[in-house]
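Proteins come first, then strands; the chains are lettered A, B, ... in the order of their sequence lines, and each starts at number 1.
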Amino acid sequence: MIQTPTPNVRVVTFKIDDRDFSAREDETIIQVAWENGIRVPSLCYLEGLSVWGACRLCVVEIVGSPRLVSSCSTRVAEGMEIRTDSERLQAYRRMILELLFSERNHVCSVCVSNGHCELQNLAQQCGMDHVRVPYRNKVYQVDSSHDLFRVDHNRCVLCSRCIRVCDEIEGAHTWDSKGRGIDTQVITDLNRPWGESDSCTGCGKCVQVCPTGALVQQGTSVGEMHKDRKFLPYLSRMRDAQ
Amino acid sequence: MSESKKITVATTWLDGCSGCHMSLLDIDERLIELAQQVDIVYSPLVDGKHLPETVDVGIIEGSVSNEEDLAKAREFRRHCKYLISLGDCAVTGNVPAMRNLFPLDSVYDRAYQENVQHNPLRPNDGVPALLDVVKPVHAVVPVDLHVPGCPPSADTIWFVLSQLLEGRVPNPNEVTRFGA
Ligand code: SF4
Ligand code: SF4
């Protein structure tokens with residue numbers, strides 16, 4: 001994330017996976033890891049948006065602490081020893097992915113995002129090749145009322161990227177969520193069909209940041225939905241500069 | 001190499017489109033290499049009518065959707081030393097499992113009544129009864145290896161089989177994924 005330079009920020013030294021690093025003390029573990037090619041997995045974290053810390057895929061171990069921390073919401077500190085890829089972490093990440101796949105209805109072979117989906121890629125990358133828990137098989141709706149876009153709740157992982165980009169970058173706050181826990185769902189306006197929303201500007205930023213096939217362009221068929229989020233670092237820099 | 005030294009392989013398709021088997025045939029001339037090392041003793045692709053008592057490797061395509069699928073999956077598990085779920089239907093339920101979002105009654109109605117002009121009637125004989133919920137193979141019997149893909153490519157299948165023939169445990173995620 002691009003930050004306006006703050007005076008008096010210390011530089012700290014620490015280790016990630018036995019490699020030495022130094023960074024500003026206001027940087028998070030995931031920022032330093034990603035800048036250096038260490039692929040800590042994440043679904044909800046997106047550079048340019050506020051930190052959410054919800055998906056828990058980016059958890060890492062800090063040597064000397066029994067507690068796992070999410071690397072998107074934990075800053076680096078002097079002397080910290082961070083591990084990003086232990087067997088324990090791999091097992092937790094696989095379990096999180098299995099729960100995500102079992103919770104809603106993901107059928108990659110017929111999904112518009114097939115081949116361009118962050119969830120699908122994470123499953124492959126994290127060695128998740130089958131779901132050990134029973135599928136929930138719960139019915140979720142598809143809302144195609146918007147002229148340009150569609151939301152398929154079957155594919156939503158509740159990362160809240162759409163909510164954040166709409167609020168923080170576009171300034172419309174069309175998206176929000178309803179319900180709690182496993183019954184949480186993203187909504188437009190006060191849970192009205194997207195096509196009837198008074199606040200949606202039709203900019204499509206939510207579609208571009210959505211990691212899965214939940215938010216897509218109308219008229220896309222299997223595997224046709226490519227997302228483009230090059231606009232995000234630029235726009236968030238411009239907003240920060242204001 | 002004498003026949004008896006060959007590794008025995010059995011394959012079957014449950015609720016799927018047979019695309020995974022087509023993908024297996026797509027390994028083209030490598031089939032010859034395969035035939036030198038393995039003996040396909042039972043499969044929709046060969047004549048053998050009975051699953052032998054013991055088979056080295058069993059390969060299942062398709063999800064478990066009806067009573068016959070369930071019986072076949074159990075039979076394969078009983079007779080095969082190493083069992084592979086081949087393709088997304090076997091591994092996740094995939095397209096056949098999309099009917100899980102509807103009550104079984106409405107699935108039957110859709111297939112046998114709503115869209116039928118002549119003598120609409122639910123079958124009660126000669127067709128295996130549908131299970132309430134379509135499941136992946138590992139939900140009904142233990143599976144040793146999962147190979148995602150819809151279908152897994154010929155190269156993926158070759159990678160998996162050749163690794164096994166060399167005595168290694170392949171990691172299919174190196175070459176395939178859900179929906180591939
Ligand atoms: S959203 Fe991603 S993981 Fe879900 S079905 Fe589509 S491609 Fe597969
Ligand atoms: S619709 Fe997409 S961006 Fe919004 S919460 Fe669901 S997965 Fe995330």
Qualifying residues under salt bridge (Lys or Arg N to Asp or Glu O under 4.0 Å), relative to A/D189, sequence neighbours excluded: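 With sequence neighbours excluded, A/D189 shows a salt bridge (Lys or Arg N to Asp or Glu O under 4.0 Å) to A/R192, given in chain and number order.
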Decide whether a cation-pi geometry holds between B/K72 and B/F76; the criteria are a distance under 6.0 Å from NZ or CZ to the six-membered ring centre and an angle within 45° of the ring axis. no
Heavy-atom proximity to chain A below 4.5 Å, by part of B/H146: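 Contact with chain A is through both the backbone and side chain of B/H146.
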Portion of B/V133 that has a non-hydrogen atom of chain A nearer than 4.5 angstrom: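 Only the side chain of B/V133 comes within 4.5 Å of chain A.
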Proximal component of [X], with respect to chain B [non-hydrogen, under 4.5 Å]:
{"X": "A/F101", "result": "side chain"}
{"X": "A/D129", "result": "both"}
{"X": "A/V131", "result": "backbone"}

Between B/T92, B/V91, B/D88, B/V147, who has the most heavy-atom pairs with chain A when the cutoff is under 4.5 Å? B/T92
Any pair counted as side chain to side chain donor-acceptor pair (under 3.5 Å), so long as it reaches residues 14-27 of chain B, sequence neighbours left out: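 Qualifying pairs, neighbours excluded: B/T11-B/H21, B/D15-B/S65, B/H21-B/E61.
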Only one of B/I59, B/V143, B/D144 passes side chain to side chain contact (heavy atoms under 4.5 Å, CB included) with B/S85; say which it is.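 Among the candidates, only B/V143 passes.
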Do the non-hydrogen side-chain atoms of B/R30 and B/D155 ever get within less than 4.5 Å of each other?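 When only atoms from C-beta onward are counted, B/D155 and B/R30 do touch, with a gap below 4.5 Å.
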